[in-house]
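Every chain is numbered from 1 and lettered A, B, ... according to where its sequence line falls, protein lines coming before strand lines.
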Amino acid sequence: MRWSQLHVPTLRDDPAEAEVVSHKLLLRAGYIRQLSAGLYCYLYLAKRSLNKIERIIRQEMDAIGAQEIYTPELHPADVWKESGRWQAIGGDMFRLKDRWGREHCLGMTEEEVVTFIARGELRSYKQLPQIWYQIQAKFRDEPRPKSGLMRVRRFTMKDSYTFDMDAAGLDAAYKKHYRAYCRIFDRCGLDYLAVDAHSGAMGGSESCEFMVPSPAGEDWIVECPASGYRANLEKAVTTAKPPAVPDPAGDAGLEEFQTPGKKTIEEVSEFDGCPPSSHIKAMVMAADGKPLMALLRGDHQLSETKLAVETGATRIRSAHAEEIDQWLGAGAGYVGPVGAGDLTLLADSALEGRRNLITGANRDGYHLRNVTPGRDFQARFADLREAEDGDFDIASGEPVRRLKAIEVGHIFKLGYKYSASMGLKVLDENGKGVNPIMGSYGIGVERVLTGAIEQNADSVGMSLPVSIAPFEAVVTPVNLKNSAQREAAERLYRQLETAGVDVLLDDRAERAGVKFKDADLIGIPFRVTVGRKIGDGLVELTERRTRESRDAAVGEIAKLLTQRIGEVMPVAESRN
RNA sequence: CGGGGCGUGGCGCAGUCUGGUAGCGCGCCUGCUUUGGGAGCAGGAAGUCGGGGGUUCGAAUCCCUCCGCCCCGACCA
């Protein structure tokens with residue numbers, strides 16, 4: 001392509017509304033323009049780059065025997081009512097009516113639709129397994145879209161769905177996807193981690209997220225560099241650091257003491273002189289409306305996700321002040337497990353074996369000391385706590401760290417949720433009708449791009465991996481009025497095209513500085529500069545990532561460039 | 001949904017407190033010069049000051065109201 005004919009509206013200044021690196025650069029480099037909150041138009045460069053990502057995805061999906069299909073983004077409500085999700089999903093779903101008043105929604109995922117198709121077509125175990133995938137728009141009415149393409153209301157998803165006869169079949173499909181995803185993200189040049197994840201409202205047993213570590217990310221993952229343990233924060237289980245001071249020995253009796261106006265752990269801790277880790281944090285919660293008390297070490301944070309899993313509740317919330325007062329007769333700052341009436345008590349494992357602790361007395365203005373779990377109250381122990389930086393890996397005992405990350409992919413073992421609720425059945429070897437077991441697998445295409453930008457940006461712009469950059473190389477004549485330079489650049493451009501290089505010719509009537517800045521900004525991995533040395537038959541090859549240059553003979557450049565492209569092209573590493 | 005910020009040529013901003021001819025930088029157009037890291041000079045085009053209502057002789061500026069965008073939190077398949 002010739003740059004003079006393209007619309008690449010680069011900006012000199014950072015747009016005021018952009019905060020994170022990828023958002024700033026996508027706008028500045030002329031990749032995207034915003035239509036509205038969470039809705040973006042992809043201009044030429046973004047589309048080119050996204051097309052390359054999709055191409056890699058298609059190749060790897062095809063390689064595991066997946067079949068590309070396409071289903072409408074607009075869904076009738078009926079199928080969603082069959083699975084129960086029409087009701088289960090709240091404001092995140094875009095809902096609308098057609099002219100007859102029939103309810104529809106914009107697809108946010110497609111389990112229902114593919115199950116609907118499968119139900120009409122699959123009759124026999126001989127037709128399984130099946131892997132279907134598509135790449136299409138998804139819509140989610142995010143309460144707060146943010147950070148450019150990171151969190152939007154319309155995005156492109158590669159979603160696939162598998163149908164198998166049994167758990168072993170599903171496991172094989174899941175592993176195929178795991179490997180395909182590794183190959184895809186490898187080839188896109190991402191530095192990523194596959195982490196154990198919580199399957200959430202999607203249902204199902206096992207799930208794994210593909211995370212790109214980045215300060216701009218919105219998810220937390222926990223990693224033990226020494227042992228290789230990795231999990232989403234919602235799921236990570238670690239050993240806590242020991243309490244700041246050991247518990248007093250002996251079996252001292254319960255003792256109430258006054259703590260007027262001291263409600264938070266910090267206030268009480270400062271008041272009584274014992275560190276937060278010697279306190280029990282008591283949180284009154286409502287699990288699907290039912291009251292319960294969650295108990296944690298004073299310096300720990302409750303994981304609502306873990307609490308939900310532990311209780312089997314679908315919705316967990318903090319109790320309202322009036323509820324706490326009604327259930328316990330004390331304000332939120334003074335509640336505790338001793339004498340908590342018939343509230344269910346759930347205690348975090350870090351409290352197991354502790355003694356002589358401090359907690360609320362269920363009486364306003366009072367706390368209790370010398371509280372020992374097991375003696376003074378009975379609670380069910382479970383892992384309820386959010387893992388922290390500096391905790392220890394359970395298996396190896398080595399320290400873990402928390403990292404922010406961008407979720408680029410997620411694979412789920414769904415189980416029978418959709419085949420059962422929607423009546424998808426095939427006959428097995430014995431002629432008996434059974435529900436196939438399903439899996440679903442997603443990749444956020446734009447997030448692959450944002451992740452790559454976040455991981456490959458510097459002070460002058462982005463430097464995308466050659467596999468997903470909008471162009472592999474740009475030929476830059478320094479001075480178009482110099483006919484030797486102009487003609488050499490034209491020849492080189494055609495020659496590189498012929499050699500199969502995805503090349504751009506910067507034939508704009510701009511000064512060299514402007515061309516260099518723009519090329520750096522939009523992140524083209526290689527630049528061939530045709531300048532004054534052309535008289536000696538020399539051009540210059542510059543690599544965006546290292547910003548290093550070397551001279552090369554015009555006649556050699558095609559060979560040299562294709563060789564370098566091959567050398568820096570990310571390849572799939574062999575991960576199990 | 002709670003809290004905060006912002007809305008002025010394409011982009012970045014000043015002007016608003018204290019009402020009085022709408023400005024600056026970049027970009028854009030024309031011409032000349034320049035030509036290896038966002039050129040110089042000269043000339044030029046371009047703004048319902050987010051929308052509506054009000055106060056006033058007069059509103060970007062004061063008042064009311066609505067809308068939009070960004071950030072923090074809540075939420076998040």
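- Minimum interatomic distance between A:Tyr181 and A:Gly409 (heavy atoms only, all atoms of both residues): CE2-CA, 4.4 Å.
- Relative to the side chain of A:Glu17, the nucleotides B:rA39, B:rC75, B:rC70 differ in distance, and B:rC70 lies closest.
- Among residues two or more places apart in sequence or in another chain, the salt bridge (charged side-chain N to carboxylate O under 4.0 Å, His left out) test is passed with A:Asp219 by none.
- Side-chain N/O atoms of A:Lys146 include one lying less than 4.0 angstrom from OP1 or OP2 on B:rC72.
- Ranking B:rC13, B:rG38, B:rG37 by closeness to the A:Ala16 side chain, first place goes to B:rC13.
- Note on A:Ser83: nothing from the nucleic acid sits closer than 4.0 angstrom, heavy atoms only.
- Nearest nucleotide to the A:Asp13 side chain, out of B:rG12, B:rG37, B:rG38: B:rG12.
- Remark: B:rC1 base-pairs with B:rG73. Criterion, Watson-Crick or G-U wobble with two distances under 3.5 Å.
- Distances shown here put a side-chain N or O of A:Arg511 below 4.0 Å from the OP1 or OP2 atom of B:rA39.
- Relative to the ring axis of A:Phe155, A:Arg140 does not place its NZ or CZ within 45° and under 6.0 Å from the centre.
- Following rounding to the nearest Å, A:His7 (NE2) and B:rC11 (C1') show an atom-to-atom distance of 13 Å.
- The side-chain tip of A:Arg48 points at the ring of A:Phe471 from less than 6.0 angstrom away and within 45° of straight on.
- Shown are A:His104, A:Glu112, A:Glu110; of these, the side-chain hydrogen bond (donor to acceptor under 3.5 Å, both in side chains) with A:His75 is made only by A:Glu110.
- When all heavy atoms of A:Ile324 and A:Gly331 are compared, the closest pair comes out as CG2-C, 4.4 Å.
- In terms of phosphate contacts, A:Arg144 brings no side-chain nitrogen or oxygen within less than 4.0 Å of OP1 or OP2 of B:rA74.
- By the salt bridge (charged side-chain N to carboxylate O under 4.0 Å, His left out) test, A:Asp196 pairs with no residue at all, sequence neighbours left out.
- Look at B:rC32: its Watson-Crick or wobble partner, with both distances under 3.5 angstrom, is B:rG40.
- Within 4.0 Å of A:Asp518, counting heavy atoms only, lies at least one base atom of the nucleic acid.
- Residue A:Arg527 is classed as a base contact, given a heavy-atom separation below 4.0 Å to a base.
- Contact annotation: side chain of A:Lys481 to base of B:rU34, donor-acceptor pair present below 3.5 Å.
- Contacts between residues 31-48 of chain A and RNA chain B, counted as heavy-atom distances below 4.0 Å, involve A:Gln34, A:Ser36, A:Ala37.
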